[in-house]
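Shown next, in structure tokens, is the structure this report addresses.
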Protein chains: 2
Amino acid sequence: MGYTLGLKRSCLTSEEIERRLADAGVHATAQRIAIARYVLCEADHPTADQVKSWADKNFPKMSMATVYNTLKILVAAGLLKKIAFPHLNEAVYDDNITAHYHLIDEKTGRMSDLDPADFKVTANLKGVRIKEIEIFIKGRRELS
Amino acid sequence: MGYTLGLKRSCLTSEEIERRLADAGVHATAQRIAIARYVLCEADHPTADQVKSWADKNFPKMSMATVYNTLKILVAAGLLKKIAFPHLNEAVYDDNITAHYHLIDEKTGRMSDLDPADFKVTANLKGVRIKEIEIFIKGRRELS
DNA sequence: TCAATATTTAGATTAGTTCTAATTCAACTC
DNA sequence: GAGTTGAATTAGAACTAATCTAAATATTGA
């Protein structure tokens, strides 16, 4: 329930973004609000470069350092996940912060989320304390 | 059977390495034999840098380009797997070319193999053609 | 208002990896 | 065997993602 694959939730206003930042203990500056709004509402698994490109069109004079700093702050605040997928050479950022897995389309390289409810994983590992399981699937979504 | 976690198989001779290269359709040069022997027999999930360091001590005048080229050739030939683990910034190379999963020690960052026989993964994904599943577990091996 | 602190900026820096052009090496032919 | 051809190797430059730095700017609180 509540897991809307591929569907982007309706966009939040700047005020709502500001409140989410404040709730997460992040001081809301203009740059941070703009980036947060883009990555949380508009973008789909963007790279830092894509965030910068968007900013170049929609925000005056934003530096790459601010993009990276802000993304790092959002990740630390728990509003965003940084994902370094094997076989990709750039990190992508995921606004879905619930536990979930990832599919990478082997043709397009595009990443999408997979609902963990669709998986059953049982591990029989003696002597290993598991903290986190990440599953990456390479393949294709069939268009049907 | 035959899955020896953490145990390094006994080292192959240069002649045996040469034969494995030839069988894989790789022209066996001195540099390639040296690197292949190191990564297939001696090293454990080495990075390109570690291969280079080893070469600096054990082979005259080997360039970084040759290290990268050779690793790429060995990967293409199916003798080695390149692994770009999330949260690591260097790729590591794995001589275990059978399907398996990976544990990354959250303290040391050290990677080790996990036997897929110890896992049961069932995915119920409609409309997704799965080509490859990668599982990364973050945690710790308990010393017992 | 003024000082103190935090944020942003441009550009330099780093690290990993790939590329390039010249050189060296190996394998064939004669 | 000597010469030719193509492949492999080399040093170093170039590239890319990401981080760092120091100066400038904005924000906050007294």
Side-chain angles (χ1 to χ4, degrees), chain A residues 17-18 21-22 24-39 45-56 58-77 80-94 109 111, chain B residues 14 17-18 21-22 24-39 45-56 58-77 79-94 109 111:
Chain A
I17 289 288
E18 206 173 333
L21 290 176
V26 174
H27 182 201
T29 65
Q31 288 87 344
R32 289 173 185 176
I33 292 168
I35 291 176
R37 195 171 185 217
Y38 175 65
V39 298
H45 296 95
T47 64
D49 248 10
Q50 288 168 340
V51 175
K52 178 63 161 65
S53 298
W54 173 88
D56 287 343
N58 298 278
F59 200 99
K61 282 169 64 68
M62 191 184 294
S63 76
M64 200 66 198
T66 297
V67 171
Y68 275 109
N69 284 342
T70 301
L71 289 172
K72 191 175 285 184
I73 286 167
L74 295 177
V75 168
L80 207 57
K81 263 189 180 178
K82 180 180 183 178
I83 301 169
F85 192 92
H87 320 304
L88 282 188
N89 39 10
E90 270 179 283
V92 305
Y93 294 85
D94 194 343
M111 183 181 299
Chain B
S14 290
I17 289 288
E18 205 172 336
L21 291 176
V26 175
H27 182 201
T29 66
Q31 288 88 342
R32 288 174 184 176
I33 292 168
I35 290 175
R37 196 173 185 212
Y38 175 65
V39 298
H45 296 96
T47 64
D49 249 11
Q50 288 168 340
V51 175
K52 178 64 161 64
S53 299
W54 174 87
D56 286 344
N58 297 278
F59 198 98
K61 282 170 62 70
M62 191 185 293
S63 75
M64 200 66 195
T66 296
V67 171
Y68 275 107
N69 284 341
T70 301
L71 289 172
K72 189 175 287 185
I73 286 167
L74 295 178
V75 168
L79 295 171
L80 206 57
K81 265 190 181 176
K82 181 181 184 177
I83 302 170
F85 193 87
H87 321 303
L88 282 187
N89 40 10
E90 270 180 282
V92 304
Y93 293 85
D94 193 342
M111 183 181 300

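Numbered from 1 within each chain, the chains take letters A, B, ... in sequence-line order. Values below: every heavy atom of this structure, side chains too, minus hydrogens, waters and symmetry copies.
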For B/Asp49 and B/Met64: C-alpha separation, side-chain torsions, deciding distance, then whether side-chain contact (heavy atoms from CB on, under 4.5 Å) applies. CA-CA 8 Å; B/Asp49 249 11; B/Met64 200 66 195; 3.6 Å; yes
Below 3.5 Å is the cut-off: list the nitrogen or oxygen pairs between protein and nucleotides 17-20 of chain D, distance only.
from: D/dA17; atom 1: OP1; to: A/Glu90; atom 2: OE1; distance (Å): 3.4
from: D/dA18; atom 1: OP1; to: A/Ala91; atom 2: N; distance (Å): 3.2
from: D/dA18; atom 1: OP2; to: A/Tyr68; atom 2: OH; distance (Å): 2.7
from: D/dA18; atom 1: O5'; to: A/Tyr68; atom 2: OH; distance (Å): 3.4

Ignoring backbone atoms, establish whether B/Gln31 has a side-chain N or O less than 4.0 Å from OP1 or OP2 of C/dC25. no
Can you check whether A/Thr66 has a side-chain N or O nearer than 4.0 Å to OP1 or OP2 of C/dT9? yes
Over how many whole Å does the gap from [X] atom [atom1] to [N] atom [atom2] extend?
X       : N      : atom1 : atom2 : result
B/Met62 : D/dG12 : CE    : C1'   : 18 Å
B/Leu71 : C/dG16 : CG    : C1'   : 13 Å
A/Gln50 : D/dT16 : CD    : P     : 16 Å
A/Lys61 : C/dT8  : NZ    : P     : 14 Å
B/Arg32 : C/dC25 : CZ    : P     : 15 Å
B/Phe59 : D/dT9  : CZ    : P     : 8 Å

For the student: nearest non-hydrogen atoms of B/Ile33 and B/Ile17, plus distance: O-CG2, 3.8 Å
Donor-acceptor check, side chain of A/Arg32 to backbone of A/His27, threshold 3.5 angstrom: yes or no? yes
Kindly compute the distance separating [atom1] ([X]) from [atom2] ([Y]), expressed to the nearest 0.5 Å.
X       : Y       : atom1 : atom2 : answer
A/Lys72 : A/Tyr93 : NZ    : OH    : 8.0 Å
A/Lys52 : A/Leu71 : NZ    : CG    : 12.5 Å
A/Glu18 : A/Arg37 : CD    : CZ    : 11.5 Å

Using side chain to side chain contact (heavy atoms under 4.5 Å, CB included) as the criterion, point out the one residue from A/Thr70, A/Ile73, A/Leu80, A/Asn69 that pairs with A/Ile35. A/Thr70
Protein N or O to nucleotides 27-30 of chain D N or O, pairs below 3.5 Å:
from: D/dT28; atom 1: OP1; to: A/His27; atom 2: NE2; distance (Å): 3.4

Apply side-chain contact (heavy atoms from CB on, under 4.5 Å) to B/Leu21 and B/Leu79, showing your working. CA-CA 8 Å; B/Leu21 291 176; B/Leu79 295 171; 3.9 Å; yes
Do the side chains of A/Asp94 and A/Met111 get nearer than 4.5 Å, heavy atoms only? no
